[in-house]
Each structure stands twice: as C-alpha cells, then as structure tokens.
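As the structure lists them, so they are numbered: ligands from 1, and atoms in each ligand from 1.
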Amino acid sequence: MPKDVIIACDFAGKEETLAFLDRFEEEQLFVKVGMELYYAVGPEIIREIKKRNHKIFLDLKLHDIPNTVGKAMKALSKLDIDMCNLHAAGASKMMRAALEGLTGEDGKRPLLIAVTQLTSTDQETMQNEILIDRPLDEVIIAYAQNAKEAGLDGVVCSPLESGIVHTACGKEFLTVTPGVRFADSEKGDQSRVTTPSRARELGSDYIVVGRPITAAADPVAAYRRCTAEFLG
Ligand code: C5P
C-alpha cells in the first residue's frame, strides 16, 4: 500500500503556488489543489503542476444529483489528476455515477475518495442542524461502508478515525487524513491534531499537511521532516 505525504497547496493564485513548488527542484511531490486555488485559476493550475511531474489530489468535494456529479467527474477525468473526492452524503447512486464518469475508456481512473463528515461538523451540529441523531463515529463508519460498497477507494477522515475505518472496511481501504502537526508547532485552527509519526501508528495511508510545510521558514526541510516521520 503506497503511503505518502500530500502537501495542501492552499494558495490564492498560480504564481505563488508555482514559486512554492519550484523550491523542491526535481523532487516528485503529491499536492492537494483545493477549491480556492482551482476556482481562482481553473484547469490551467492542474496542467502547470503536472508539467512539473507532481501528483495531484483535486479536493473539490462534489455533491449533487448523480447525473450532474457523473458528468462533472467525466470532465475532471480529462485533467490527468491522481485523486479526487466527493461527499458520501450524496449517497450510493451518486458515488457510482461519479466512478462511472471518472473511468476512462481504457478502464483507468484517479483514486476516488469520500468525505464522511467534515471535521468542522461536531456531534451537536450534526444532531441539531443536519438532524442525524446517531453518534459521529457510527455515521463515519456507515458512510465509509457505503463508499466502499459503491466501489470507492477510501475516505477523508481524521487520523484518529483511521483505525475504526480500517476495522470496518479493511486495511486496503484508504484513509486520507488532514489535521497533522509537528509536536513542536502551532495547531492554528485545527483542534484534533496528531503528529506525522502518530498518524503512521494509527494507520493513515496518506496525510494531508498544509501550513506546517507551506508556512515554514524552510518548506523543503519541513516536508523532509514530515516524510521522515510519517514514512519511518
Ligand atoms: O494547513 P493545514 O495542515 O491545516 O491544512 C489541512 C488541509 O486539509 C486544508 O487544505 C484543509 O482544507 C484540508 N482539510 C481539513 N479537514 C478536513 C478536510 C480537509 O483540514 N476534514
């Protein structure tokens, strides 16, 4: 099972992003492009990153009716990305349509990962506003199982949830986990955080790391420290 550190490139524009990536010279990275950067720059940012030979997780979290998500995924499949995602709350029919749209004529496709519950949603919000009256862990496991049954490759979750997801869905089912901080660094707005080495012990397959790398005085050194701790 390939494990890797995904750098969250949460930059506002193209120049800033490419200047950041150019610091790494020949190293092949796995980078996450989120809504902010993709909506600001468009598909060009994907082509520019690919020109530099990096892998891409396009984090757009699709959620709409099955037909729309299927067609949107077909458009994204032309972009040469390595991983993308959707909301498991869109349910099985939507997830299957997404897979179908994403799969090329040669049968190949990027990894497709489901968001279970956003980490910004706590038990109280889920109960009072989304009206889901079940424990958060139970919801995460059920959504992960739905994603697995629909044929998806894994879920985005907290490193603290990697264990329960692997127990419910098997070791091969990927856990892609943000909320990672070095033991000696700022948490920022993340509340439930773990270190890269703890994420490895908990069984995360990919860790998504933003500011501890992008805002470091020496991002290349921070990235190397992160991979050394996570990959062991
Ligand atoms: O800078 P930081 O390491 O907190 O960045 C984490 C990245 O992972 C950000 O791009 C954030 O949007 C994303 N993310 C998250 N929690 C989730 C899903 C995505 O922090 N549940």
Distance filter under 4.0 Å to R211 heavy atoms, resulting ligand 1 atoms: 1 (O), 2 (P), 3 (O), 4 (O)
Single-linkage hydrophobic cluster, 4.5 Å side-chain cutoff, V208 and L202 together: no
Residues R198 and E201 bridged, charged N to O under 4.0 Å: yes
Numbered atoms of ligand 1 (with element) below 4.0 Å of D10, judged on heavy atoms: 9 (C), 10 (O)
Residue part near ligand 1, for P212, under 4.0 Å between non-hydrogen atoms: side chain
F182: hydrophobic cluster co-members (side-chain, 4.5 Å): none
Plane angle bin for Y223 and F24 - parallel if under 30°, tilted between 30 and 60°, otherwise perpendicular: perpendicular
Those atoms of ligand 1 less than 4.0 Å from some heavy atom in R181: 1 (O), 2 (P), 3 (O), 4 (O)
With sequence neighbours excluded, residues passing ring pair (Phe, Tyr, Trp, His ring centres under 6.0 Å) with H87: H63
Sub-4.0 Å atoms of ligand 1 with respect to non-hydrogen atoms of G210: 1 (O), 2 (P), 3 (O), 5 (O)
Best match, C157, P178, A8: closest heavy atom to atom 19 (C) of ligand 1: P178
